[in-house]
There are 2 protein chains.
Amino acid sequence: MTATATQVTEDIAHPKRDQIELGAVLHALSDPVRLRIVATLIADGEHTCGGFDVPVTKSTCTHHFKILREAGVIHQRPQGTARVNTLRRDDLEARFPGLLDKILQSA
Amino acid sequence: MTATATQVTEDIAHPKRDQIELGAVLHALSDPVRLRIVATLIADGEHTCGGFDVPVTKSTCTHHFKILREAGVIHQRPQGTARVNTLRRDDLEARFPGLLDKILQSA
DNA sequence: ACCATTGTACGACGATCATCGTACATCTGC
DNA sequence: GCAGATGTACGATGATCGTCGTACAATGGT
C-alpha cells in the first residue's frame, strides 16, 4: 500500500499511572525475553529497540515492547526512526513500592 | 471406566525448591483468580480447594491449583477426599526474598 | 532524491491459556 | 452398602500468546 497520511510519531500511547495493573505487570515480566529487556534497562538506563541482545527477530521484539509499554513498565519516545525505551521507575514505584526491585533481584 | 487400582493419594508431585522458577511464579500470580487464592492463604494459613470464594467452576479451580502447585507457590496434602493447600512461604522466601510480600502488598 | 536504518502492521502458525461440563475415583459418615 | 462431599481427568471451546516473514512508513544522512 502507498502512504496516504503523515503518521504523528510522537504520540505513542502509554497507560496512565493509575491504569497500570499488577496482573499486567506480572504477566509482562513472566516472559524471559521481556525480563531481560527490563534488566538491561535497569543496568543501562535507556536503549533503542535495536539495542538489546535478545534471541528473537525484529517483529517479535516489537511485540514484546508493545506488551511492556501497554503494561506500563516502559516508556517509549521516538528519536528519528528509533524509539528510546526507559523504565517507568517512578510510576512503578508509586504504584507497587519495591516490587520491581524485588523482581529484578530475583532474576 | 471402572476402578482398576488404588490411587496413591499422598504422592502429589511438587517441584523442589531449586526447581521453582521466577517466570512460572510471576505467571502464576498474574492471573486474578490465582492471586486471590494466594491472598486468601496469606490471610487464613490454609484452605481446602473448596474453601475459596472464587468466581469459577470446580474444574477451573482444579486447573488453577495445578498451576500454583507446579509453579511451586503452594503445597497440597490430601486429607480424606479434600486437599489442604498452604503457601510454600519458606521456599519462596529462600528463592526470591521479599518478592511474595511485595506482590501481596501490591494486590 | 536516494539510501540505509529503524520499527511497525499484518497475517500466519503452532502452542498455551482459561473456561466449562461430564464422568469418575476416593474418602468418610451413617 | 449407600450417599454425599471433594477433587480430578478428559475433552472441548474460544481466546491469547510468542514466534516468524513480508511489506511498508518514517527519519535522517549524503
Side-chain angles (χ1 to χ4, degrees), chain A residues 1-14 21 23-38 46-71 74-86, chain B residues 1-14 21 23-37 46-71 73-86:
Chain A
M1 76 194 180
T2 58
T4 54
T6 304
Q7 190 177 328
V8 180
T9 55
E10 66 269 24
D11 278 355
I12 309 174
H14 294 79
E21 296 177 8
V25 171
L26 294 181
H27 171 259
L29 298 179
S30 66
D31 177 86
V33 169
R34 296 195 291 270
L35 194 58
R36 181 192 276 203
I37 287 171
V38 169
E46 65 176 36
H47 265 284
T48 59
C49 295
F52 293 87
D53 177 25
V54 284
V56 294
T57 67
K58 267 205 317 179
S59 50
T60 303
C61 271
T62 293
H63 161 78
H64 284 303
F65 282 110
K66 180 172 189 258
I67 293 186
L68 286 169
R69 182 181 71 251
E70 288 179 355
I74 63 169
H75 179 271
Q76 290 186 304
R77 74 170 192 279
Q79 192 178 72
T81 49
R83 283 186 173 183
V84 178
N85 303 280
T86 52
Chain B
M1 76 194 182
T2 58
T4 52
T6 303
Q7 190 178 327
V8 181
T9 56
E10 67 269 22
D11 277 357
I12 309 174
H14 293 80
E21 296 179 7
V25 171
L26 294 181
H27 171 260
L29 298 179
S30 67
D31 178 86
V33 170
R34 295 194 291 271
L35 194 57
R36 182 191 278 205
I37 287 172
E46 65 176 35
H47 267 283
T48 59
C49 295
F52 293 86
D53 177 26
V54 285
V56 295
T57 67
K58 268 206 314 180
S59 49
T60 304
C61 271
T62 292
H63 160 78
H64 284 306
F65 282 111
K66 181 173 190 258
I67 293 187
L68 286 170
R69 183 181 70 249
E70 288 179 354
V73 175
I74 64 169
H75 180 271
Q76 290 186 305
R77 75 173 191 277
Q79 189 179 72
T81 48
R83 283 187 173 182
V84 178
N85 302 281
T86 52

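Below, chains carry the letters A, B, ... as their sequence lines are ordered, and counting in each starts from 1.
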Checking Thr62(B) against Cys49(B) for the side chain to side chain contact (heavy atoms under 4.5 Å, CB included) test, could you report, in this order, the C-alpha distance in whole Å, the side-chain angles of both residues, the deciding distance, and whether it holds? CA-CA 8 Å; Thr62(B) 292; Cys49(B) 295; over 6 Å; no
For Phe52(A) versus Ile37(A), what's the shortest heavy-atom pair and its separation?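 Residues Phe52(A) and Ile37(A), closest heavy atoms: CE2-O, 3.5 Å.
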Under 3.5 Å donor-acceptor, Asn85(A) side chain and Gln76(A) backbone: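 Absent.
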What's the [atom1]-[atom2] distance between [X] and [N], to the nearest Å?
X        : N       : atom1 : atom2 : result
Asp31(A) : dT16(D) : CG    : P     : 18 Å
Arg36(B) : dA18(C) : CZ    : P     : 16 Å
Arg77(A) : dT6(C)  : CZ    : P     : 16 Å
Gln79(A) : dA26(D) : CD    : P     : 19 Å
Ile12(A) : dA26(D) : CD1   : C1'   : 12 Å

dT26(C) phosphate, OP1 or OP2: any side-chain N/O from Arg83(B) under 4.0 angstrom?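 No, Arg83(B) has no side-chain N/O under 4.0 Å of OP1/OP2 on dT26(C).
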Close residues, residues 49-68 of chain B, relative to DNA chain D [heavy-atom separation under 4.0 Å]: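 Nucleic-acid contacts, sorted: Cys49(B), Gly50(B), Lys58(B), Ser59(B), Thr62(B).
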Stepwise, does the side chain to side chain contact (heavy atoms under 4.5 Å, CB included) test hold for His14(A) with Arg69(A)? CA-CA 6 Å; His14(A) 294 79; Arg69(A) 182 181 71 251; 3.5 Å; yes
Count the heavy atoms of every other residue, nucleotide or ligand shown that sit under 6.0 Å from CD of Glu21(A), and state whether that count exceeds 12.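 Check fails, neighbour count at 12 or below.
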Degree of bending, the helix from dA1(C)-dT30(D) to dC30(C)-dG1(D) (end axes from five pairs; round to 10°):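 It comes to 30° between the two terminal axes.
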Identify all side-chain donor-acceptor contacts of residues 23-34 of chain B below 3.5 Å with residues at least two apart in sequence or on another chain.
from, atom 1, to, atom 2, distance (Å)
Ser30(B), OG, His27(B), O, 2.7
Asp31(B), OD2, Val33(B), N, 2.9
Asp31(B), OD2, Arg34(B), N, 3.2
Arg34(B), NE, Ala28(B), O, 2.7
Arg34(B), NH1, His64(B), ND1, 3.0
Arg34(B), NH2, His27(B), O, 3.3

Test side chain to side chain contact (heavy atoms under 4.5 Å, CB included) on Val84(A) and His47(A); report intermediate values, then the result. CA-CA 6 Å; Val84(A) 178; His47(A) 265 284; over 6 Å; no
Can you measure from CD1 (Ile74(B)) to CZ (Arg83(B)) and round to the nearest 0.5 angstrom?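 Answer rounded to 0.5 Å: 9.5 Å.
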